[in-house]
Structures are given as C-alpha cells and as structure tokens.
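Throughout, residue positions are numbered sequentially from 1 according to the sequence presented. Note that ligands are numbered from 1 as they come in the structure, with each ligand's atoms numbered from 1 the same way. The figures that follow rest on heavy atoms only: side chains count, while hydrogens, waters and symmetry mates do not.
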Amino acid sequence: MFRDECEIQVAAGKGGDGLVSFRREKYTPKGGPNGGCGGDGGSVILVASPSVTSLLSLGRKPRYVARSGEPGGPVDRHGANADDLVLEVPIGTQIYDRKRGNLLRDLALSGESLVLAAGGRGGRGNASFATAINQSPRHAEKGRPGEERDVSLQLKLVAEVGLLGLPNAGKSTFLRSITKATPKIADYPFTTLEPQVGIAQVGTFDTLVVADLPGLIEGAAEGAGLGHRFLRHVERCRVLLHLVDVSEGATTEPLEAYRIVTAELAHYSSELARRPRLVVATKVEDESARERAAELEARVAAAVPGVAGFLCISSATGSGVDELLVAANALARAVRA
Ligand SMILES: Nc1nc2c(ncn2[C@@H]2O[C@H](COP(=O)(O)OP(=O)(O)OP(=O)(O)O)[C@@H](O)[C@H]2O)c(=O)[nH]1
Ligand SMILES: [Mg+2]
C-alpha cells in the first residue's frame, strides 16, 4: 500500500526541573546552594530521507512524543538533555499546520529538516540564583513545557516529467522501457493505482526523473475512476507527456482521448493545463496507427496552449522512444532555464 498523506500530533519533551539543594559538608553548618539545572526536553524533528517512499508507516501512529529532560541534581549536577525524536519522511513532503491551515515547510530536498516542536528548556537550579545579596536562594525553576503541534503531511512527488493519459494509454509500459522502474502493466484499466517514479538516462550525461500516474477518465474531477487527487503529484513536474493510444485496439478514439484528459487537467488547475507538454501517440506500429497519429497531430497542433511538440512512439518496438526522451529532456531544461 502507498500512502501520500497523513495527520499526526507531535509533542516535544518537557525540560527537566531545576533543583533546590545546599552543600552539606562536615563542620560547615550552612553550605551554599548547589542545586543543578534541568536538562532540555527533546525536540520533534522531521527529516526528508531518500530511504522513505511513503507516509504509510508514519501515519500508523497518531501521536509522537519526545522524551523529557532529566531534572537537575545536587552538587551542581546538570540533568541530561533528552535526545531529539527524529522522524524520517519522503522527499517532497509538505507539512501543514492543522490549526492554522498554513504550509509550514516543503521538504523538497534530501536531508532538509524542520523542527516541528521544540523541546522545553530545562529549569535553572537554585545555585544559578545565588547573588551577593541572596546567598542561599531557596527557589529553582521548573522545566518549560515542550511545544505541541498538530500537522498534516502531504507527499508531492518531485519529478521533472509526468505521464498523463487515459487508462491503458501505455504510460507504465513507457516508464518501464526507459527506466529501471518496474510498474505493473496489464491490458485492463487502472493497473496503476499509485504514482511511481523512475530515472531515465538521456544520452550519456543527462538523467530525467519521470513519474507514472494512474489513468484519468472523464469525470475524474467528480471522483470517477481514481479521481484526480493524484494530479497533485504532477504539480511539480516541469513537463507533462500526454500519452494517447492510437492503435487499432484503443477503446477511445484518439482525439476524444486527448480531449478528455485535457479537460480533466483544466478542471484540476488552469495553471497545470498550460504546463509545457508533449503529445505522444503510443503503440504506433502499423500504417493505420500512423494515419491516426497524423490526424491527431493536425488537430492538436492547432494552437493548443502549452503543447510544445508531437511525437510517435512504440514502447514495444522501441521506435521513437529515444527521440521522445531527448525532446522531453530539452523541454525540461528549457523550462528550467
Ligand atoms: N502493441 C503495444 N502495446 C502496448 C504498448 N505499450 C503498452 N501496450 C499495452 O497496452 C496495455 C496497457 O499498458 P499500460 O502501460 O499498463 O498502460 P497504462 O497507461 O499504464 O494504464 P493504467 O495504469 O491502467 O492507466 C498493456 O496491455 C500493454 O502491454 C506498445 O507500445 N505497443
Ligand atoms: Mg499504468
């Protein structure tokens, strides 16, 4: 199972209390104050880690509590600081404050971290309060409470290229043919239930991170099929590849297939609908497919905003696949620049 959002509560550790204590030495009736300070409570910290790919395990527990600092001891002994509680999240996790609803941080890079809840400071012991006037203070501070926070976490994949299309368009097959990723492939719709990323080698020097997504169908915005919530994963993609099956066996006519996905994209976000795109005719292996591809090209090339090119591929024979990668890479670089 894959999980791309979860809600958790976190509580940092309380600071240890400071101590009230006095020196007791033989033959010294009234020793000075020697109560030590409490240690600091542990903080709760989120770190983006490449070894975590979903929010599944984090979401299993509703609340995470860091340990408290140890109290101060006699003879000026400082209580031990508690260790921080470090929680690993996938790269691309966005953290929202649930009370205020605002975005706290976007952990888009490996190793980036956020202190979600800071540990409470330890209280000072009575030794810290001794002055020339008050040489035997009888009070110490309590440790401060740790911060608490309710957050919701959302994972947005970080990929340069996103694959869009109707179910069975050949998205997963394409990803498999260009990367080491092994998405499931089958001739029934909605084989892909969760987004998956792979890294493609382009030429000798370049790599391209490509995200395979579930198929979109008419009415996805209203929840049809798998809905369109997963489109948030393409929000970060610089470039979209819109795959359209033009083979004999396609269940939907190419132009209609193109229109449906474009409309659902626009429904989701007008900005996303204008994202630079390549339209890709898939399963182009015979003359009739080539004809349908040419027809589609003639229609979509007619000034659709964002469409930067039209290509034909067959992941089965490999024809056009390298050219598509080079074109997608060039477009991604052009957008980045
Ligand atoms: N002949 C031919 N068949 C292909 C090609 N690419 C994909 N297919 C077939 O088309 C069917 C669907 O392929 P998938 O890659 O699973 O399609 P998808 O777009 O990922 O589908 P969903 O995950 O359901 O949205 C499978 O039976 C594939 O074998 C191709 O280039 N040529
Ligand atoms: Mg698929």
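- The pair Arg77-Glu70 does not meet the salt-bridge criterion, since no charged nitrogen lies less than 4.0 angstrom from a carboxylate oxygen.
- Distances under 2.8 Å from the Mg ion (ligand 2) pick out the protein N/O/S atoms Ser172 OG, Thr192 OG1.
- For the side chain to side chain contact (heavy atoms under 4.5 Å, CB included) with Val161, the qualifying choice from Leu208, Val209, Asn329 is Leu208, the only one to do so.
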Show your reasoning for whether salt bridge (Lys or Arg N to Asp or Glu O under 4.0 Å) applies to Arg333 and Glu160.
CA-CA 10 Å; Arg333 310 280 132 176; Glu160 294 164 287; 3.8 Å; yes

Any chance you could lay out the side-chain contact (heavy atoms from CB on, under 4.5 Å) test for Leu116 and Ile95, step after step, and finish with the verdict?
CA-CA 9 Å; Leu116 257 193; Ile95 300 110; 3.9 Å; yes

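- In terms of polar-atom proximity, Thr192 is counted as a contact of ligand 1, with an N or O under 3.5 Å from an N or O of the ligand.
- The closest approach between any non-hydrogen atom of Phe174 and ligand 1 is not below 4.0 Å.
- The pair Asp245-Lys283 counts as a salt bridge, with a side-chain nitrogen and a carboxylate oxygen less than 4.0 angstrom apart.
- Of the listed residues (Lys99, Gln94, Arg100), just one forms a side chain to side chain donor-acceptor pair (under 3.5 Å) with Tyr96, and that residue is Gln94.
- A salt bridge does not link Arg67 with Asp83: every distance from a Lys NZ or Arg NE/NH1/NH2 to an Asp or Glu carboxylate oxygen is 4.0 Å or more.
- Proximity to Ala316 (heavy-atom distance under 4.0 Å) selects the following atoms of ligand 1: 30 (C), 31 (O), 32 (N).
- For atom 15 (O) of ligand 1, the closest non-hydrogen atom on the protein side is Thr173 OG1, 2.5 Å.
- Given atom 29 (O) of ligand 1, the protein heavy atom at minimum distance is Ile185 CG2, 3.9 Å.
- The backbone of Ala186, and not its side chain, has at least one atom closer than 4.0 Å to an atom of ligand 1 (non-hydrogen atoms only; backbone = N, CA, C, O).
- The environment of CZ in Arg63 is crowded: more than 12 heavy-atom neighbours from other residues, nucleotides or ligands sit within 6.0 Å.
- Remark: ligand 1 and Pro214 share no N or O pair separated by less than 3.5 Å (distance only, no angle test).
- Note: Thr179 OG1 to Phe174 CZ = 9.0 Å, rounded to the nearest 0.5 Å.
- Inclusion of Gly170 in the set of residues having an N or O under 3.5 Å from an N or O of ligand 1 is warranted.
- What sits closest to atom 19 (O) of ligand 1 on the protein, heavy atoms only, is Lys171 NZ, 2.7 Å.
- The heavy atom nearest to atom 22 (P) of ligand 1, out of those in Asp212, Asn168, Asp187, Val284, is found in Asn168.
- For ligand 1 and Pro189, the ligand atoms under 4.0 Å from any heavy atom of the residue are 24 (O).
- Using a 4.0 Å cut-off between heavy atoms, Glu285 contacts ligand 1 through its side chain alone, with no backbone atom that close.
- Using modelled atom types and a 3.5 Å distance limit, the side chains of Arg292 and Ser288 yield a donor-acceptor pair.
- Qualifying side chain to side chain contact (heavy atoms under 4.5 Å, CB included) partners for Glu271, counting only residues two or more places apart in sequence or in other chains: Ser269, Arg274, Arg275.
- A donor-acceptor pair is defined here as one N or O able to donate and one able to accept, closer than 3.5 Å; no such pair exists between the side chain of Asn81 and the backbone of Gly39.
- Ligand 1 has an N or O atom lying under 3.5 Å from an N or O atom of Phe190, backbone or side chain.
- Near Tyr188, meaning under 4.0 Å from one of its heavy atoms, ligand 1 places the atoms 24 (O).
- By the 6.0 Å contact criterion, CD1 on Ile199 is open, its count of non-hydrogen atoms from other residues, nucleotides or ligands being 12 or less.
- For the ligand labelled ligand 1, residue Thr282 lies outside the 4.0 Å heavy-atom shell.
- For the pair Glu297 and Arg290, the salt-bridge criterion is not met [side-chain N within less than 4.0 Å of a carboxylate O].
- Counting protein heavy atoms only, atom 5 (C) of ligand 1 is closest to Lys283 CG, 3.5 Å.
- Nearest to atom 31 (O) of ligand 1 among the protein's heavy atoms is Ser315 N, 2.8 Å.
- Ligand 1 lies less than 4.0 angstrom from a heavy atom belonging to Ala169.
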